[in-house]
There are 2 protein chains.
Amino acid sequence: MKDKTDLLQGTLDMLILRALVTGPMHGFAIMNRIHQTSESALQVEQGSLYPALYRMEAQGWIHAEWGVSENNRRAKYYTLTEAGRRQLGVESENWNRMCKAINLVMDFPV
Amino acid sequence: MKDKTDLLQGTLDMLILRALVTGPMHGFAIMNRIHQTSESALQVEQGSLYPALYRMEAQGWIHAEWGVSENNRRAKYYTLTEAGRRQLGVESENWNRMCKAINLVMDFPV
DNA sequence: CGGTTTACCTAGATTATCTAGGTGAATCAA
DNA sequence: TTGATTCACCTAGATAATCTAGGTAAACCG
């Protein structure tokens, strides 16, 4: 059974890219950022996050660099690349189109 | 690679249930209805539709009955059950919550 | 020095949807 | 009357995204 906080499939990459628009961030912080800005409605699991980051780095959308976190832990900082910014545009547009389409169906007069 | 008309995962049942609010319909008509009301933005594939209908009937959300279509073909007409109407409410609420949550993240100030 | 938090990682399961095949009956044009 | 097209249904297997459930190690705190 799907949990209430499960993500809508296909939106994770977009959310991560969007989080990185405000500047480089490490994985753990991205997770928290998404949780907080969604007012706790979204909870990205670590088992989803890290493979996604790995995949997106391979795609060239983000760039990773080891550093030290604000809590003095070693952390991998991710930066949005130019390709990542373009990808965010594509995914964001797609999301808006889908949202609109679904709402057209949902709001169709009875 | 995901196609532009691919559905957002998790929304198919909701769309089908919603289509049936206007009255009983056969599978093929449900497919076309979703395509049309979404202004061609959504295209449910038959290989997604029929298994979904089967699954939803097993869940008790819809009820099937053989009949004859407006084109004089044999067709299976689906009707929304009371449980299906409740399920639509649940899924619809969940969709709105998710949409809002994602848009909170997407619209977060830079 | 033991527990908690931070931060990362991975294998395998789950599940939804799509791809790509198929059937058969009705309609329509040649 | 026959061949092509449309309607309507069905299914097996592939694909892919996310989650579950495990794990490591270092830093901090009492």
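Here is the naming used below: chain letters follow the sequence lines, and residue numbers restart at 1 for every chain. Only heavy atoms go into these numbers, but all of them, side chains included; no hydrogens, no water, no symmetry mates.
With contacts defined as side-chain heavy-atom distances shorter than 4.5 Å, the pair W95(A)/L8(A) qualifies. Considering only heavy atoms from C-beta on, V44(B) stays 4.5 Å or farther from I30(B) through its side chain.
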Using a cut-off of under 3.5 Å, enumerate the N/O to N/O pairs linking the protein to nucleotides 18-22 of chain C.
from	atom 1	to	atom 2	distance (Å)
dC18(C)	OP1	L7(B)	N	3.3
dC18(C)	OP2	S48(B)	OG	2.3
dC18(C)	N4	G47(B)	O	3.1

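For the pair D13(A) CG and dA17(D) C1', the computed distance is 9 Å after rounding to whole Å. For Q59(B) and dA16(C), the CD to C1' distance is 14 Å, given to the nearest whole Å. Rounded to a whole Å, the CD atom of Q9(B) is 13 Å from the C1' atom of dA14(D). Whole-Å rounding puts the M14(A) CE to dT18(D) P distance at 10 Å. The nearest whole Å value for the distance from the OH atom in Y54(B) to the C1' atom in dT11(D) is 11 Å. As a whole-Å value, the separation of Y50(B) OH from dA12(D) P is 16 Å. For the pair M98(B) CE and dA17(D) P, the computed distance is 18 Å after rounding to whole Å. Here dA8(D) presents its P atom at 14 Å from CG of L53(B), a figure rounded to the nearest Å.
To the nearest 0.5 Å, the span separating OG on S38(B) from CG on N103(A) amounts to 11.5 Å.
Applying the salt bridge (Lys or Arg N to Asp or Glu O under 4.0 Å) test to pairs two or more places apart or on separate chains, none has a residue in residues 20-35 of chain A. Listed by first and then second residue, the side chain to side chain donor-acceptor pair (under 3.5 Å) pairs involving residues 42-52 of chain B are H35(B)-Q43(B) (not counting sequence neighbours). Screening residues 6-32 of chain A for ring-ring contact (aromatic ring centres under 6.0 Å, His included), with sequence neighbours left out, gives H26(A)-Y77(A).
One hydrophobic cluster, built from ILVMFWY side chains closer than 4.5 Å, cannot hold both Y54(A) and M25(A); they sit in different ones. Put simply, L12(A) and L104(B) are part of two different groups of oily side chains (I, L, V, M, F, W, Y) that touch within less than 4.5 Å, one to the next.
Listed in residue order, the members of residues 85-92 of chain A having a heavy atom less than 4.0 Å from DNA chain C come to none. Only H26(A), G27(A), F28(A), listed by number, bring a heavy atom of residues 25-35 of chain A to less than 4.0 angstrom from any atom of DNA chain C. For the contact set between residues 62-78 of chain A and DNA chain C, defined by any heavy atom under 4.0 Å, the members are W66(A), S69(A), N71(A), R73(A), R74(A), A75(A), K76(A).
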Expected list for residues 13-20 of chain A: side-chain donor-acceptor pairs under 3.5 angstrom, two or more places apart:
from	atom 1	to	atom 2	distance (Å)
D13(A)	OD1	R55(A)	NH2	2.8
R18(A)	NE	M106(B)	O	2.9
R18(A)	NH2	M106(B)	O	3.3
R18(A)	NH2	F108(B)	O	2.2

Give every donor-acceptor pair under 3.5 Å between a side-chain atom in residues 78-90 of chain A and any protein atom, sequence neighbours left out.
from	atom 1	to	atom 2	distance (Å)
T81(A)	OG1	G60(A)	O	2.6
T81(A)	OG1	W61(A)	O	3.0
T81(A)	OG1	A83(A)	N	3.4
T81(A)	OG1	G84(A)	N	3.0
Q87(A)	NE2	E91(A)	OE2	2.7

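Checked against side-chain hydrogen bond (donor to acceptor under 3.5 Å, both in side chains), S92(A) has no partners two or more places apart in sequence or in another chain. Contacts of N71(B) classified as side-chain hydrogen bond (donor to acceptor under 3.5 Å, both in side chains), with partners at least two apart in sequence or in another chain: none. Shown here are the side-chain hydrogen bond (donor to acceptor under 3.5 Å, both in side chains) partners of N72(B), two or more places apart in sequence or in another chain: there are none.
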